[in-house]
Structure formats: C-alpha cells, structure tokens
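Order of listing sets the numbers, starting from 1, for every ligand and every atom in it. The analysis underlying the following values was restricted to heavy atoms, covering all of them including side chains, and did not include hydrogens, waters or symmetry mates.
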Amino acid sequence: MDKSERLFERARRAIPGGVNSPVRAFQAVGGSPRFIASASGSKIRDADGREYIDYVGSWGPMIVGHAHPRVVEALRRACEKGTSYGAPTELEVELAEKVVEMVPSVEMVRMVNSGTEATLSAIRLARGATGRDKIVKFEGAYHGHADSFLIAAGSGAATLGVPNSPGVTAGAARDTLLARYNDLESVENLVEGAPNEIAAVIVEPVAGNMGVVPPVPGFLEGLREICTREAIVLIFDEVMTGFRVAPGGAQQLYGVRPDLTTLGKILGGGLPVGAFGGRADLMRQVAPEGPIYQAGTLSGNPLAMTAGLETLRILSEPGVYERLESLSRRLDEGTRRNLDALGLDLCTTRVGSMLCLFFASGEVRSWDDASRSNVKAYAAYFQAMLEAGIYLAPAQFEAAFVSLAHSEEDIDRTLDAQRRALDIARKILD
Ligand SMILES: *Cc1c(COP(=O)(O)O)cnc(C)c1O
C-alpha cells in the first residue's frame, strides 16, 4: 500500500468519502486518489514523490501555473500584514477596478468566497430586481451546489449519477426550469409556458462542466435577444471561462453582454474567491446600497485579493493569451493526429486553453450528446495517462486546462503518453 492509499483510508474515517469535494475521490475512474504534497509550475507531486504534468490546475484557477514566484512573493508580504480584518481595504478596491476594466459588461462587482456563492447571490439579485421566482438553467450545466442549481447538474453531480440531489426541496426544483444547451427553441418554449415568471437565464457561455461544449454561432446572441425582449436577467456564469478564454472572458470572445456575470476560480489565483457583477443599476440594489441582502465574514480577504490581483496582472501582460492559444492548439492538433493514427473516431473540443476529449463520436452540442460518452473507456484512458505521469481530471465530463507554465516539451510528452493510453482505451471502445 502506498502513502496515498494509506492517507485515503484515514481520510475516509474522518471525511465523507475521504474528500472535501466529490469528483476528487476517483469514483468515476476507480482506484485511489493521489494525495498531493506539492506543486510547482506545470507539475504536481503526490505523497509518494511521483510527479505529474497537471491538466487539472485545481479545476481551473492555476492559469499562471502552480506556486508562481510573483504570486508566492506577494502572498508572503501580505501575510505579514495580517490575514483578515473584516473591514475594507485598498486591495479590494484594486481588484474590483481590475475586474471592471477587464470584463466588458461588469460596471460594479461584489466579492464572495466561491463560485457557488457568486451564482446563488446573482440569482437572488435577479429575483429581487424582477420580483419573479423562476430561473432557467441548461441540462448538464454546473453552477455550484446551491439548491436551485442541483437540477440536472453537470460535473461531479452528473459523474456520480446524482444530477438531482436529495435534500433539494420540491419548491426549489419547481422554480428551476431546464433548457437544452445550444437550443434556443427549448428556451423560447419555457418562456412561453411561464410568461412574466422568469427572473433569470443562467448559462455557462462555454459549457465546461459536461466536458467542453462551445456555444454554436447565434446561441448566446439569441439568449441575449430573448432576455432583453422578456425583461429577464441574463447571467453568464463565467466562473470557469472568466480570464480563461480571453482576458474579458467568453463575453469578450463572443461579443455578447450579459446583465450579470459570475466569476471565481482564476479570480482568486488559487485562493478561495468568487464574485458577481454587472450592470450598475442592478448591482446598486445589493445591500447596503439596496435591499437585496448578501454578506460574508471573509469576503474580500486580503490574501485572496492579493493572489487574484497578482494573477490578473500577469494575465494582463502582452502575449499571454497568444501563448496559451499556441500551447493549447499544439495539444489539440496532436490529439487529433493521435486519434487519426489509431483510426479512432472521437470528438475533441477546445476553446482557448479549455479542452476536452469525448469518448463519443460525432458532434457534442448538448448534455444529450455528451452523455453518450463511453465512461469506461475514459476511465481506462485516465488510468493509463496517470501511470505515465499525466494528471487529467478523474471524470469524463470535465475540461483539461493548459497553463502558462506548460512547456512545448510538456505537451509533446503528454501526446506520446496519449498515443499509448488511447491504444489501451480502444479495446474497451471496440
Ligand atoms: C466551478 C464552477 C462553479 C462553482 O464554483 P465553486 O468555487 O466550486 O463553488 C460554478 N459555476 C461554474 C461554471 C463552475 O465551473
């Protein structure tokens, strides 16, 4: 038994399932999760001293790489000034201004501690502002673990087969209407069926929790039109895509402006941060300026603000997104070559440095398509990659993330390992 296995045994006695977030437990792929001891640049190292090229990146935040010297140094200095005050700081103003500068539709922003808090707060704001109760979300989309969103949820919930969690009230479920991703007609039908009852449409502008599913041309624009026409608040959940697919997120990449935006992951530079922001007339309705309540003891925490700010500064330097694009393209094109060489007809998707290899053929445009994936073949592929020192997400319905710390050599080593791993997985596909 290695150290990770022993730690997992101990963990399972003290922590449900041995983990603090379900997908980490390797249930979808089998075996014991690696316990991580340290990380640097593009690599993570487990408790047994094995090193891996990391494409999980803490599920998105680590876009500049692990333990970036500038982030570490900024944190070291910040620590010495005290770690929390529960009173306003200049750092919060700086990060808020940086977000407003970078994200096209955001005029004002409120910091919270996670993506989940960001989305649930945005929904409360939309409901408070419109006086309506219902929301529309898309099947296979993940917006964190608040009750309203655990209806046909993606990511870990889908992976574990609990897209509708017990403990969510019938009332909460009734107020969440489900549409099909990339299908405007499904949204129109819901709007027709509940006139003047829908407060918000919440969408991942690039779906990243059912694998990676890009929006088809016209989809985001169509949502904008419907929401404007029906006075519905359009929320882009950019917790994953924010600062990832472009400096200003998917709304900049596709040129569509939502009313509210939720952020997280990269915004905290590896520390726990979320945020919601958008039109000033909406944001001014948040307490204490307005009546819609929202608060947090550790919100705007100086360490978290420091890590986020330094990360966004690095991302604002010239050539950064071009570098991410060229590394990601190298990985994507290499994957296509590997698939062709093996005669495998599998779907790959990519938007910037978010990538996915679906163990399914044909195009993937919605959860229906994604859910046709052969998850057993993915598990075999995952295990073979792990064995070869490549750390991918331990589930099919997740993205792979490339960071600025990855090198061409990392990518090429990954592709070499991938050729062998695909050859193993194909036996299960046949
Ligand atoms: C990760 C994620 C969330 C949840 O964020 P947490 O910080 O895990 O609560 C919400 N929405 C999207 C799109 C995400 O990818």
Handout entry: Within the 6.0 Å centroid threshold, strictly below: F138 and F219
Key = yes
Completion exercise
By chain and number, the residues contacting ligand 1 below 4.0 angstrom (heavy atoms only) are S114, G115, T116, Y142, H143, G144, E204, N209, D237, V239, M240, K265
I'd like to know if [X] pairs up with [Y] as an ion pair, taking the criterion as any Lys NZ or Arg NE/NH1/NH2 lying under 4.0 Å from an Asp or Glu carboxylate oxygen.
| X | Y | result |
| --- | --- | --- |
| E317 | R70 | yes |
| R132 | E197 | no |
| E333 | R336 | no |

Handout entry: Y391 and F26 aromatic ring geometry - parallel, tilted or perpendicular at 30°/60° bounds
Key = tilted
Practice task
Using the test side-chain hydrogen bond (donor to acceptor under 3.5 Å, both in side chains), find all partners of S328 that sit at least two apart in sequence or belong to another chain.
Solution key: none
